[in-house]
Student: 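Below is a structure I'd like to ask you about.
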Amino acid sequence: MSSLVADGADSNTMMLRQIPALLPHLALTRRRALALGAAAGGLMLSARYAAAVVRLDITEGNFQPLPIAIPNFLAGAPTDNDTALGVTQIITANLQRSGLFAPIDPAAFIETIASVDAVPRFPDWRTINAQALVTGRISRQSDGRLSAEFRLWDVLAGQQLAGQQYSTTPDNWRRIAHIISDAIYERLTGDKGYFDSRVVFVDETGPAERRIKRLAIMDQDGANVRYLTRGDDLGLTPRFSPSTQEITYMAYGQGDPRVYLFNIETGQREIVGNFPGMSFAPRFSPDGQRVIMSLQEGSNSNIFVMDLRSKATTRLTDTPAINTAPSYAPDGNQICFESDRGGHPQIYIMAATGGPAQRISFGDGSYSTPVWSPRGDYIAFTRQAEGKFAIGVMKPDGTGERILTEGFHNEGPTFAPNGRVIMFFRDPGGNAGPSLFSIDIAGRNELRVPTPSYASDPAWSPLLS
């Protein structure tokens with residue numbers, strides 16, 4: 001039995017255990033698989049081949065979302081009905097919004113799931129073209145804690161792929177839904193999920209000439225919005241720590257702009273340090289022990305890193321240019337950053353300790369706001385050319401550049417913790433304001449992310465569990 005960190009600084013924990021696989025009453029031999037396949041409309045698949053079908057390969061160019069059936073979770077008591085329905089709806093929405101899964105309309109279901117401890121009637125699910133099936137139950141333990149269990153089934157192979165049970169306090173039911181979504185995503189794609197995560201962003205309200213900007217945080221699906229600042233100061237470029245529930249950001253208040261650390265759970269705020277001039281784009285190192293940022297010196301700016309324990313500051317660039325927007329590689333050995341040392345803003349990489357920098361962007365226009373993927377395989381960027389702002393990715397050596405989306409004023413990409421999805425903001429200009437969008441790294445499945453008002457500068461957290 002292992003413990004998952006709960007959402008918050010209190011003692012709430014989520015306990016999980018593996019649920020043993022249920023075996024069909026009849027062994028799925030090759031002859032049995034062929035018979036079932038024929039009954040389902042000519043699907044002649046062996047168990048070995050069928051099991052491979054439900055493993056998504058999201059690198060294929062002709063990718064099609066996986067049909068998955070998600071019946072409503074069962075409720076242990078009538079008082080749990082709303083929670084069971086809510087968990088089902090969140091799992092369905094998460095998987096659908098990922099673009100990798102196509103949840104089947106419940107109106108098409110033939111079998112009514114009556115027990116999570118019974119083997120489903122697989123021919124009924126093959127008939128409606130389901131390749132995967134999720135069953136689950138929500139109940140209460142004797143101490144009042146919430147218990148949630150689910151099973152993931154390979155419909156074509158007729159076997160259980162995963163089964164887990166969680167227990168937690170009732171107020172954590174949304175997180176249970178996200179954690180189950182991650183477990184399903186990982187089992188079927190081979191990649192970690194990203195649903196049990198949060199996004200910090202700048203909430204913007206009021207007319208364009210008197211815009212109030214507050215730091216806010218929400219679940220990755222837009223739920224549970226909470227405001228972190230009151231809008232007295234102008235907060236910009238919030239970024240998550242990879243190891244603690246802290247963010248770093250820049251704020252314009254009284255006097256010079258300052259870089260702050262903010263503890264999300266306690267609300268405590270502290271100044272990173274006092275720097276002459278203006279500070280830009282602070283970001284944590286992968287170990288959370290340092291903050292890297294750009295400091296203005298006259299008309300130029302250079303990149304500095306501060307050790308958060310000793311407060312010692314090290315200068316990494318020293319050029320008569322604007323060097324800004326640094327971002328660490330996930331191994332902490334390199335950084336990418338934006339510099340106009342060549343005449344126009346471009347992306348460069350160099351060792352995290354400083355030294356010679358190598359330019360990696362060579363397309364038309366200017367490049368800005370680079371950020372390294374948590375997987376290490378891509379650097380996302382904003383490219384401005386011919387009056388359009390594009391969000392794209394390239395490999396760390398500059399090859400494989402791919403534009404994901406373009407239009408008027410797209411900016412500020414941030415990676416999901418699994419490196420497969422990017423969030424950014426789009427500002428149409430005029431009297432309107434910015435909104436958040438997400439898109440996968442193949443340029444598919446662009447979606448607007450719901451926020452209570454205008455929103456900009458998103459930053460995705462690591463997984464909470």
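Remember, predicted model here, so these are calculated numbers, not experimental data.
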Student: Is the Lys NZ or Arg CZ of Arg211 less than 6.0 Å from the centre of Tyr454's six-membered ring, within 45° of the axis?
Tutor: no
Student: Please answer whether the main-chain N or O of Asp196 pairs with a side-chain N or O of Asp182 as donor and acceptor at a distance below 3.5 Å.
Tutor: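 Yes, the answer is positive, given that a donor and an acceptor are paired below the 3.5 Å cut-off.
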Student: Should Trp460 and Gln220 count as side-chain neighbours, where that means a heavy-atom distance under 4.5 Å?
Tutor: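 They are in side-chain contact.
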Student: Give the minimum heavy-atom separation between Lys311 and Ile271, together with the two atoms involved.
Tutor: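 Scanning both residues, the minimum pair turns out to be NZ-O, 4.4 Å.
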Student: Please check if the side chain of Asn302 supplies one atom and the backbone of Thr319 the other of a donor-acceptor pair under 3.5 Å.
Tutor: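 Yes; at least one donor-acceptor contact below 3.5 Å.
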Student: How close do Arg402 and Ala442 get, heavy atom to heavy atom, and via which atoms?
Tutor: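 Distance-wise, the nearest heavy atoms are NE-CA, 4.1 Å.
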Student: Is a donor from one side chain sitting under 3.5 angstrom from an acceptor on the other, for Arg426 and Thr405?
Tutor: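 Their side chains do contain a donor-acceptor pair, which is all the 3.5 Å distance test asks for.
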Student: Closer than 3.5 angstrom, by distance alone: can the side chain of Ser294 be matched with the main-chain N or O of Asn323 as a donor-acceptor pair?
Tutor: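 Present.
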Student: First locate atom OG1 of Thr317, then atom CG of Leu295, and finally report the distance between them rounded to the nearest 0.5 Å.
Tutor: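 Answer for the OG1-CG pair, Thr317 versus Leu295, is 9.5 Å.
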Student: Show every salt bridge (charged side-chain N to carboxylate O under 4.0 Å, His left out) that has at least one partner inside residues 352-375, sequence neighbours left out.
Tutor: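 Checked against salt bridge (charged side-chain N to carboxylate O under 4.0 Å, His left out) - neighbours excluded - the pairs reaching residues 352-375 are Asp191-Arg375, Arg375-Asp377.
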Student: To the closest 0.5 Å, what do you measure between OG (Ser327) and CD1 (Ile379)?
Tutor: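 Going from the OG atom of Ser327 to the CD1 atom of Ile379 covers 7.5 Å.
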Student: Taking the side chain as C-beta and beyond, is there a heavy-atom pair between Tyr260 and Leu215 under 4.5 Å?
Tutor: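 In short, these two side chains do not touch, never coming nearer than 4.5 Å.
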Student: So, does Thr88 use its side chain to make a donor-acceptor pair with the main chain of Asn72 at under 3.5 Å?
Tutor: no
Student: Would you check if the side chain of Gln346 reaches a backbone N or O of Gly365 as a donor-acceptor pair within less than 3.5 Å?
Tutor: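 Indeed, once roles are kept as given, a pair shorter than 3.5 Å links the two residues.
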Student: In Å and rounded to the nearest 0.5 Å, what is the OG to CD1 distance from Ser147 to Ile138?
Tutor: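 Answer rounded to 0.5 Å: 7.5 Å.
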Student: So, Thr237 side chain and Tyr249 main chain: donor-acceptor pair closer than 3.5 Å or not?
Tutor: no
Student: Tell me, with the steps shown, if Val225 and Thr451 meet side-chain contact (heavy atoms from CB on, under 4.5 Å).
Tutor: CA-CA 8 Å; Val225 175; Thr451 56; over 6 Å; no
Student: For residues Trp372 and Pro370, determine if any side-chain heavy atom of one lies less than 4.5 Å from a side-chain heavy atom of the other.
Tutor: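 Not in contact.
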Student: Test your reading of the model: is there a side-chain donor-acceptor pair from Thr414 to the backbone of Met423, 3.5 Å cut-off?
Tutor: no
Student: Any sub-3.5 Å donor-acceptor pair from Asn410's side-chain atoms to Phe389's backbone N or O?
Tutor: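 Judged by distance alone, yes, a pair lies under 3.5 Å.
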Student: Roughly how far, to the nearest 0.5 Å, is the CZ atom of Phe362 from the CE atom of Met394?
Tutor: 9.0 Å
Student: Can you tell me if Glu204 and Ser456 form a side-chain donor-acceptor pair at under 3.5 Å?
Tutor: yes
Student: Which of parallel (below 30°), tilted (30 to 60°) and perpendicular (above 60°) describes Tyr194 and Tyr185?
Tutor: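 Taking Tyr185 first and then Tyr194, their aromatic rings stand perpendicular (interplane angle over 60°).
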Student: Name all residues meeting the ring-ring contact (aromatic ring centres under 6.0 Å, His included) criterion together with His344; count only those two or more places apart in sequence or in a different chain, and write none if there are none.
Tutor: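 Partners of His344 under the ring-ring contact (aromatic ring centres under 6.0 Å, His included) test: none.
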Student: Does Arg198 offer a backbone N or O that forms a donor-acceptor pair with the side chain of Ser461 under 3.5 Å?
Tutor: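 It does hold such a pair.
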Student: To the nearest 0.5 Å, what is the distance between CD1 (Ile104) and CG (Leu133)?
Tutor: 9.0 Å
Student: Are Glu186 and Asn418 close enough that a side-chain donor and a side-chain acceptor fall under 3.5 Å?
Tutor: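 Asn418 and Glu186 do not have a side-chain donor-acceptor pair below 3.5 Å.
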Student: Closer than 3.5 angstrom, by distance alone: can the side chain of Arg214 be matched with the main-chain N or O of Tyr227 as a donor-acceptor pair?
Tutor: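 A pair under 3.5 Å: no.
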Student: Is the closest basic N to carboxylate O distance between Asp219 and Arg174 below 4.0 Å?
Tutor: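 Yes, Asp219 and Arg174 are salt-bridged.
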Student: Could you tell me the separation between the CG atom of Asp154 and the CD atom of Gln160, rounded to the nearest 0.5 Å?
Tutor: 11.0 Å
Student: State, without any angle test, whether Ser301 and Thr324 hold a side-chain donor-acceptor pair at a distance under 3.5 Å.
Tutor: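 No, because no side-chain N or O of Ser301 sits under 3.5 Å from a partner of the opposite role on Thr324.
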Student: For Phe195 and Ser181, which heavy atoms make the closest approach, and how far apart are they?
Tutor: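 Smallest interatomic distance, heavy atoms only, reads CD1-CB, 3.4 Å.
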